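Before any comments, here is the structure.
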Amino acid sequence: MSEGKRVGVVGAGMGGIAAAALMQRAGFDVVLYDQAPSFMRLGAGIQFGPNVMKILRRLDLEAPLEAVSCLPDYWTSRNWDDGAILANIPLNAERERYKAAYITIHRGDLQQTMLNAVDPARVQFGKQLTRFEDNGKTVRLDFADGTSDTVDILVAADGINSRIREQIFGLDAAVYTGWVAHRAIIPGAAAKAVGADVNAKWWSADRHIVCYYLDRNEDEFYLVTGEPDEWTSASGQLPSTREALRKSFEGYHPMVQAYIDATTEVTKWPLKTRNPLPHWHQGRVVLLGDACHPMKPHMAQGAAMAVEDAAVLTRCLAELGTQDLERSFRTYFACRKDRATKVQRISNANTWLRQPEDPFWCYGDDVYQMDLRAVEAT
Ligand code: FAD
């Protein structure tokens with residue numbers, strides 16, 4: 001092995017896939033492991049801003065993603081009962097300014113398209129990491145199926161309940177925020193029949209519902225909420241009902257009621273977070289995405305931050321090298337901590353784009369413009 005170039009990425013969510021693909025292109029020998037038995041198409045939507053699309057461009061994913069996703073010109077914030085417009089924020093209407101598109105897409109389509117950028121021979125499903133051992137030179141990975149592997153660098157992209165974070169920082173349950181998200185997909189035609197913004201968030205004092213198309217043909221329309229509720233289950237998601245959704249959004253505008261009437265399958269998710277960590281690495285092991293900074297999803301930037309982490313981490317390892325990992329990982333943390341923590345704070349506060357504001361600091365960012373050595377020197 002390897003000159004320090006064999007990397008194990010644990011977790012094939014958006015952050016892990018991006019890390020594996022970008023590191024492969026940078027010349028690293030990468031294996032991507034996930035505990036799932038195979039790729040699973042989760043029934044949900046996701047928004048990716050220009051800040052992420054500029055990274056995915058480097059993986060030649062921009063054109064294939066734009067071909068299948070919806071490209072909203074505006075983000076519209078509406079008042080819950082009378083539908084009054086609170087804010088109308090240009091997205092693709094200002095594409096030249098952001099230097100990339102803003103897309104909304106089915107999560108399964110996004111994940112599968114991103115996975116196509118990773119060498120399939122280097123992706124291993126059915127590999128649940130149970131523990132690792134870092135001997136200072138290599139890292140041994142033990143999996144639940146009794147197999148093990150040895151790598152030079154371990155990247156923890158294993159999400160909010162990261163086993164790797166737990167082994168480094170100790171067992172510490174994620175914090176339930178007191179909020180849940182209902183999710184449902186309805187036919188695009190049903191949304192069109194009542195009238196629909198391409199991408200809107202309807203706000204009342206203590207809850208909201210976000211509604212957008214998932215595809216270029218506007219065949220599917222996605223509803224995702226944020227609302228206070230109890231959560232006692234150990235499960236990460238539960239089936240819910242149209243009636244429960246109706247009750248939560250009683251009194252909302254007739255357009256929202258009509259969307260809810262068109263739902264068939266409704267699920268409910270607990271929204272969890274964690275306090276910021278003091279560092280994101282230890283020895284030859286480094287964390288990214290929800291493994292180190294999970295957040296409530298109200299800026300639609302959680303996966304975006306995971307992909308940005310992956311890009312900056314790849315840059316640090318490629319440009320600063322793997323001989324002095326402490327230096328490369330410290331620079332990665334210094335580059336990412338303030339931005340990820342800011343996004344985490346605003347997301348958790350659920351204030352993003354409720355009123356007119358300029359989101360350029362977030363969407364206009366390009367991680368490839370960052371001067372790593374200048375950050376390192378500060
Ligand atoms: P994950 O996506 O959680 O992936 C972790 C992976 O690790 C999983 O595949 C899992 O199977 C695997 N894994 C876990 N443990 C192990 C183990 N021990 N061994 C092997 N594999 C393991 N973000 C956006 O950018 N835009 C949005 O529009 C958006 N909307 C959201 C809406 C909702 C309702 C929610 C809840 C979140 C939303 N997010 C959004 C946030 C986003 O989903 C997360 O921030 C993102 O998925 C984190 O990516 P990740 O790669 O860090 O982790």
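Just so we're clear, the structure is a prediction, and the values are computed from it rather than from any experiment. In this chain, residues are counted from 1 in sequence order. One-based numbering, in listed order, for ligands and for the atoms of each.
Summarising the local packing, CD of E230 is surrounded by 12 or fewer heavy atoms from other residues, nucleotides or ligands at distances under 6.0 Å. With a 6.0 Å radius and a threshold of 12 heavy atoms from other residues, nucleotides or ligands, E357 has its CD atom above the threshold. Annotation for R140: atom CZ does not count as buried by contact number, only 12 or fewer foreign heavy atoms lying within 6.0 Å.
Against a heavy-atom cut-off of under 4.0 Å, G289 is close to the following atoms of ligand 1: 52 (O). Each of the atoms 19 (N), 20 (C) of ligand 1 lies under 4.0 Å from some heavy atom of K127. Taking every heavy atom of G13 and a limit of under 4.0 angstrom, the matching atoms of ligand 1 come to 2 (O), 4 (O), 6 (C), 9 (O), 51 (O). Every atom of ligand 1 with a heavy atom of G15 under 4.0 Å away is listed here by number and element: 51 (O). In summary, the atoms of ligand 1 found under 4.0 Å from a heavy atom of G11, numbered by their order in the structure, are 6 (C), 7 (O), 12 (C). Close contacts of ligand 1 with Q128, meaning ligand atoms under 4.0 Å from a residue heavy atom, involve 18 (N), 19 (N), 20 (C). Close approach to V10 involves these atoms of ligand 1, each under 4.0 Å from a residue heavy atom: 19 (N), 20 (C), 21 (N).
Any N or O atom pair closer than 3.5 Å counts here, and A303 shares at least one such pair with ligand 1. The distance criterion of under 3.5 Å between nitrogen or oxygen atoms is met by A300 with respect to ligand 1. Backbone and side-chain nitrogen or oxygen atoms of A304 are examined, and one is located within less than 3.5 angstrom of a nitrogen or oxygen of ligand 1. Residue G302 has at least one N or O atom closer than 3.5 Å to an N or O atom of ligand 1.
The shortest separation from a heavy atom of R107 to ligand 1 is under 4.0 Å, placing the residue in contact.
When all heavy atoms of A306 and L288 are compared, the pair lying nearest together is O-CD1, 4.1 Å. Pairing each heavy atom of K54 with each of R57, the nearest pair is O-CB, 3.5 Å. The two residues K137 and D152 make their nearest non-hydrogen contact at O-OD1, 4.3 Å.
In this structure, D149 pairs ionically with R6, as a charged nitrogen and a carboxylate oxygen lie closer than 4.0 Å.
The nearest heavy-atom contact from the protein to atom 45 (O) of ligand 1 is D290 OD1, 2.9 Å. With respect to atom 27 (C) of ligand 1, the closest heavy atom belonging to the protein is I46 CG1, 3.3 Å. Nearest to atom 16 (C) of ligand 1 among the protein's heavy atoms is Q35 OE1, 3.3 Å. Looking only at heavy atoms of the protein, atom 28 (O) of ligand 1 is closest to Q47 N, 2.9 Å. The nearest heavy-atom contact from the protein to atom 18 (N) of ligand 1 is L129 O, 3.1 Å. Among protein heavy atoms, atom 11 (O) of ligand 1 sits closest to D34 OD1, 2.8 Å. Summary of contacts: the protein heavy atom closest to atom 33 (C) of ligand 1 is R183 NH2, 3.0 Å. With hydrogens left out, the protein atom closest to atom 14 (C) of ligand 1 is D158 O, 3.3 Å, a heavy atom.
Between the NE2 atom in H298 and the OG1 atom in T351 there is a gap of 10.0 Å [rounded to 0.5 Å]. Atom OH of Y74 and atom CG of L353 lie 14.0 Å apart (nearest 0.5 Å).
Taking the six-membered ring wherever Trp is involved, the centroid distance between the rings of Y259 and H253 does not fall below 6.0 Å. The aromatic ring centres of W361 and W352 sit less than 6.0 Å apart.
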Open item on the list: Using the rule given for side-chain contact (heavy atoms from CB on, under 4.5 Å), can you reason through L56 versus V307, listing the C-alpha separation, both sets of side-chain angles and the distance that settles it, and then say yes or no?
Closed with: CA-CA 9 Å; L56 298 185; V307 174; 4.3 Å; yes
Hey, can you pull the donor-acceptor pairs under 3.5 Å for the side chains in residues 366-374, sequence neighbours left out?
unit_1: D366; atom_1: OD1; unit_2: Y368; atom_2: N; d: 2.9
unit_1: D366; atom_1: OD2; unit_2: Q369; atom_2: NE2; d: 3.4
unit_1: D371; atom_1: OD1; unit_2: R373; atom_2: N; d: 3.2
unit_1: D371; atom_1: OD1; unit_2: A374; atom_2: N; d: 3.2
unit_1: R373; atom_1: NH2; unit_2: E319; atom_2: O; d: 3.2

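Neither the backbone nor the side chain of M305 has any atom closer than 4.0 Å to an atom of ligand 1 (non-hydrogen atoms only). Here A157 has backbone heavy atoms under 4.0 Å from ligand 1, and that is the only part of it that gets that close.
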